[in-house]
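The structure appears right after this line, and notes come after that.
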Amino acid sequence: MTRALVAAALVIVIAPVHAQAQTSRGTDASSIPRTAAGKPDLTGVWQGGSTQPGAWAEANAGTGVGGSGRDPNAAVVGSSNDRPAGREGAPYQDWAAQKVLEAFDRRGVDDPTSKCLPAGIPRSVMLGLFPQQFVQTPTQLVILYEYMSTFRVIPIGAEHPDDMLPSYMGNSVAHWDGDTLVVDVAGFNDKTWLAGTGTFHSDALHIVERYTRVSKDRIDYEVTMEDPNVLTKPWVLRSTLMLREATRLQEYVCVENNLDLDRYEKLIESGVDFTRQ
Amino acid sequence: MTKRIATIVVVLGVGAACALPLAAHHSFGAEYDVEKPITLTGVLTKVEWTSPHTHLYLDVKDEQGTVSNWQLEGYPPVALYRLGWKRDATMKVGDTLTVTGWRARDGGTWGHSREVTLPNGEKMMFGPPAGTGDGGSAPAVDVR
């Protein structure tokens with residue numbers, strides 16, 4: 001038991017170093033497409049949460065990761081409602097951490113996406129089964145998410161309006177910090193999960209995302225989440241987006257045949273214990 | 001001892017970098033039981049190419065000769081499309097298929113599919129791994 005705890009602690013320490021090495025290896029500044037103004041052009045179809053270059057099918061072959069593997073014995077991989085591997089625990093206040101744990105013990109039954117609601121930020125960015133498309137102009141970045149058919153229209157160089165309607169995907173504005181596009185997101189409702197089962201938030205959520213295209217194939221993504229109502233300090237996560245040339249977004253209508261809610265209710269009525277052992 | 005821990009750490013560290021977050025529409029464990037793996041061979045009677053999940057239906061004969069129609073959940077159509085599945089072509093009603101997966105928690109004739117073996121022997125993934133969407137091996141917060 002002690003050994004496992006030590007190993008787990010070391011993973012938390014080592015994982016960021018490993019991630020840094022990955023970043024260095026994936027950097028090739030000369031291959032980054034640029035706009036006429038000299039800024040990186042983020043336009044393209046991207047897959048979140050991956051470090052594998054290449055077209056969709058080849059990048060996802062082998063393990064079933066993201067869906068295209070051929071190996072039924074592949075290890076179970078994380079999902080968009082899993083805790084990102086090797087990362088420290090989310091800095092929730094004690095009462096809020098209990099609420100997160102309760103959701104974990106219910107095995108995601110309360111997941112907003114089970115009801116086909118938008119996945120919110122940063123979950124929509126970091127998931128891997130569905131692509132997202134960036135369309136960049138000199139004055140705005142438009143992001144289309146296949147998952148739940150959501151979108152963000154992000155003006156570059158603008159301020160948030162004074163009267164933001166609370167929303168699932170928030171109100172986004174961006175500015176350039178050198179070659180990094182910094183997106184400030186506010187105006188959220190309190191109906192999404194951030195990154196991991198039960199990671200709820202309040203409508204005071206404020207997010208800052210940093211998109212840095214480090215090579216033709218790769219964007220490094222860093223997200224900082226602040227919510228003084230539930231967190232003790234800003235929560236920072238890092239991930240990557242990989243270019244998927246020739247992939248086109250498709251239609252995903254989640255409510256078309258969502259059988260899961262009825263099943264949950266029946267299983268709960270029948271006394272199924274979802275608590276983890 | 002120290003070396004062993006270091007080995008574990010390296011393996012997990014690489015795994016962390018390679019792990020790709022799926023977009024689970026729902027928790028695997030809320031509906032399916034990882035302790036109940038199934039391998040079913042039967043005749044395809046219907047395919048629902050619907051979101052958030054496809055479903056294939058299989059007539060399966062048990063040892064007594066009784067036929068049951070199983071409903072097996074899979075990836076959404078968009079994911080299957082990108083994996084190379086061709087609707088109404090890769091598999092057709094009447095085909096005999098072998099499907100691996102996991103049974104529903106209530107023990108009914110429905111389950112979660114993983115791999116389909118087609119009549120020509122080719123194997124293709126039809127659903128994500130067990131445990132997808134269950135919250136991983138650790139809660140998002142550290143247990144104190």
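Only a predicted model underlies this, so the values are computations on that prediction, with no experimental measurement involved. Lettering of chains follows the sequences in order, A, B, ..., and the numbering in each one begins at 1.
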Point to revise | Under 4.5 Å from any heavy atom of chain B - which part of L259(A) | key: side chain

Review point. Can the ring centroids of Y252(A) and Y147(A) be said to lie less than 6.0 angstrom from one another?
Key: yes

Check your understanding: Tell me, side chain or backbone of E251(A) under 4.5 Å from chain B's heavy atoms, or both, or neither?
Key -> backbone

Check your understanding: Which residues pass the side-chain hydrogen bond (donor to acceptor under 3.5 Å, both in side chains) test with T247(A), sequence neighbours left out?
Key -> none

**Study point:** Part of S270(A) within contact of chain B (heavy atom distance under 4.5 Å)
**Key:** neither

Review point. Taking only residues two or more places apart in sequence or in another chain, which ones pass ring-ring contact (aromatic ring centres under 6.0 Å, His included) with W85(B)?
Key: F126(B)

Practice item. Hey, can you tell me if H55(B) and Y57(B) have their rings parallel, tilted or perpendicular (30° and 60° cut-offs)? Key: tilted

